[in-house]
Enquirer: 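Please find one structure pasted underneath; my questions will follow.
Below, all heavy atoms of this structure are taken into account, side chains as well, without hydrogens, waters or symmetry copies. Counting convention: from 1, in listed order, for ligands and their atoms alike. Counting from 1, the numbers follow the sequence of the chain as shown.
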Amino acid sequence: MNTFIKDGIFVNMEEKIFERKDIRIENGIVTEIGNIEKRDNEQLIDAKGLHILPGLFDMHVHFREPGYEYKETIKTGSLAAAKGGFTGVLTMPNTKPVIDNVEILQKLNDIITKDSIVDIFPAVAVTIDQKGECLSKFESLKKAGAYALSDDGQPVMDEKVMEKSLALSKQINFPVLIHSEDKRFVNNGCINEGIVSKKLDVRGISPKAEYEMINRDVMLAEKLNTPIHMCHVSTKESVQIIRDAKKKGIKVTCEAAPHHFYADESMVLEKKSIAKVNPPLRTIEDVQEIIKGLQDGTIDAIATDHAPHSKEEKAKNLYDAPFGISGIELALPLTITKLMNNKIDIYQIIELMCINPRKILGLDDGLIKIGREASITLVDMEKTQLITEESLVSKGKNTPFIGETLQGIVEYTILREKVIYRR
Ligand code: DOR
Ligand code: ZN
């Protein structure tokens, strides 16, 4: 069935203007954008008052399959993505088993083909079983359909191993997404080290754990003249190091997660383990610097680090509960609510949530253009909603933002010939 999107507010990224447009999609391809007439055989989507955005892209999610299907599956993760306005995601390989060889990657790709309603681009592990020791077979994994390398969830502690992996990945143009965490400064902590960890009398994670490692890897990127990408930056020092590195021409990019610019460590006082995440929620000063980094382009992408866990797991105490926040459904409303009040406009949001993450992975910019596959998200930018647990389709209900009233509602997500989400 062909689709006709009528009278939406088209966000023109080239001229940075809004235009009232209709869009025709035939056999999954955008064939017309303009002020045009609907044909009889087309399904109508009334987009009056809705912004027409390119389908969003999340370059950092944990969909947990294979091995942890009780937390999330490819199917439920993809449903949650579509509800969040995302048409594409990159999945992290810290599953059971870890995606570190061609055989298991092919199995994952079979599940994706069968079950996903969004486009899923798998990342594979840098090191076997994410142990930080032996490198996986980069070239054959890339040939078999992997889009990036990452030991996310675990750092590559050994500098020699990291250097070797960057040198090899450079040769074959394989993006490396780095989880920066120096275990020596983690101290078996569970939340940010500071006022809140003192108040709750629990061990804290020093911000050094993150930024010392970023320092190390930025130096490696400079030495090897190769691009690196930093996952989930959370400290003010990290932002400053990356800002300085970019000024020097070092090819470093980075992402920030909505929870790191929307909330600070004080949220742990009320939400406890539900707000436990790695890297942890930091101080108000860190939040401000993350927002500054988003404003000035130091931070290239917003990525959710969608980390679903079960109720039972997240009901445990701060030490025993796993790290992670279920994030993909609320990313856009959290971003609109927080950032549009902080002088970040919709054009920048599209860069952060569509164009840049795709570019970092070597994909096209994802914009809506004639002749391209349709990848479109229709959003009511003004409407607000109270977030409830019942509204979440992810298996992971572990978000500290339940009870929050957020602005911006995804009304439709369209990928090729299908409406993959409709509110
Ligand atoms: O909070 C987190 N959860 N941080 C990570 O690095 C891993 C992730 C997970 O897999 O649950
Ligand atoms: Zn992650």
Enquirer: For ligand 1, which atoms sit closer than 4.0 Å to a heavy atom of H179?
Expert: 6 (O)
Enquirer: Checking E72 side chain against R64 main chain: does a donor-acceptor pair fall under 3.5 Å?
Expert: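 The answer is no, because no donor-acceptor pair under 3.5 Å joins these two groups.
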Enquirer: Heavy atoms only: which of E181, H232, R64, H306 is nearest to atom 9 (C) of ligand 1?
Expert: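 That would be R64.
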Enquirer: Indicate the atoms forming the closest heavy-atom contact of A301 with M59, along with that distance.
Expert: CB-SD, 4.0 Å
Enquirer: I'd like to check which ligand 1 atoms, numbered from 1 as shown, lie under 4.0 Å from a non-hydrogen atom of H309.
Expert: 11 (O)
Enquirer: Return yes or no for this condition: an N or O of P279 is under 3.5 Å from an N or O of ligand 1.
Expert: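 Min N/O separation from ligand 1 is not below 3.5 Å for P279.
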Enquirer: If you count the atoms of ligand 1 from 1 in the order shown, which ones are under 4.0 Å from a heavy atom of D305?
Expert: 4 (N)
Enquirer: So which of K251, K248, R216 actually passes salt bridge (charged side-chain N to carboxylate O under 4.0 Å, His left out) with E222?
Expert: K248
Enquirer: Looking at D320 and K276, is any side-chain nitrogen of the basic one under 4.0 Å from a carboxylate oxygen of the acidic one?
Expert: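 Looking at D320 together with K276, the answer is no, because their closest N to O distance does not fall below 4.0 Å.
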Enquirer: Tell me whether the count of non-hydrogen atoms from other residues, nucleotides or ligands lying under 6.0 Å of NZ in K223 goes above 12.
Expert: no
Enquirer: Look at the side chain of K164 and the backbone N and O of E159, then say whether any donor-acceptor pair between them is shorter than 3.5 Å.
Expert: no
Enquirer: Please check if atom CG in N27 has more than 12 non-hydrogen atoms from other residues, nucleotides or ligands closer than 6.0 Å.
Expert: no
Enquirer: Identify the closest protein heavy atom to atom 3 (N) of ligand 1: which residue and atom is it, and at what distance?
Expert: F323 O, 3.2 Å
Enquirer: Heavy-atom distances under 4.0 Å are what count here, so tell me which part of N94 touches ligand 1: side chain, backbone, both or neither.
Expert: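 Near ligand 1, N94 shows its side chain, while the N, CA, C and O stay back.
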Enquirer: Any idea which protein heavy atom is nearest atom 2 (C) of ligand 1, and the distance to it?
Expert: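 Heavy-atom neighbour on the protein nearest atom 2 (C) of ligand 1: N278 O, 3.5 Å.
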Enquirer: Using a strict 4.0 Å cut-off to heavy atoms of A307, name the atoms of ligand 1 that fall inside it.
Expert: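 This gives 3 (N), 8 (C), 9 (C), 11 (O) as the contact atoms.
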Enquirer: Under 4.0 Å from any heavy atom of G153, which atoms of ligand 1 are there?
Expert: 6 (O), 7 (C)
Enquirer: For a quick test of reading the model, state the closest non-hydrogen atom pair linking F86 to I420 and the distance between them.
Expert: O-CD1, 4.3 Å
Enquirer: State which residues pass side chain to side chain donor-acceptor pair (under 3.5 Å) with K272; sequence neighbours excluded, sorted by chain then number.
Expert: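 Listed in chain order: nothing, the list is empty.
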Enquirer: Can you name the closest pair of heavy atoms from K75 and S78 and give their distance?
Expert: O-OG, 3.0 Å
Enquirer: Which pair of heavy atoms, one from K314 and one from F323, lies closest together, and at what distance?
Expert: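 Looks like NZ-C, 4.1 Å.
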Enquirer: Number the atoms of ligand 1 from 1 as they appear, then name those within less than 4.0 Å of a heavy atom of V277, with their elements.
Expert: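 It comes down to these atoms of ligand 1: 1 (O).
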Enquirer: Can you count the protein N/O/S atoms lying under 2.8 Å from the Zn ion (ligand 2), leaving waters out?
Expert: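 Protein N, O or S neighbours of the Zn ion (ligand 2) under 2.8 Å, waters not counted, come to 4.
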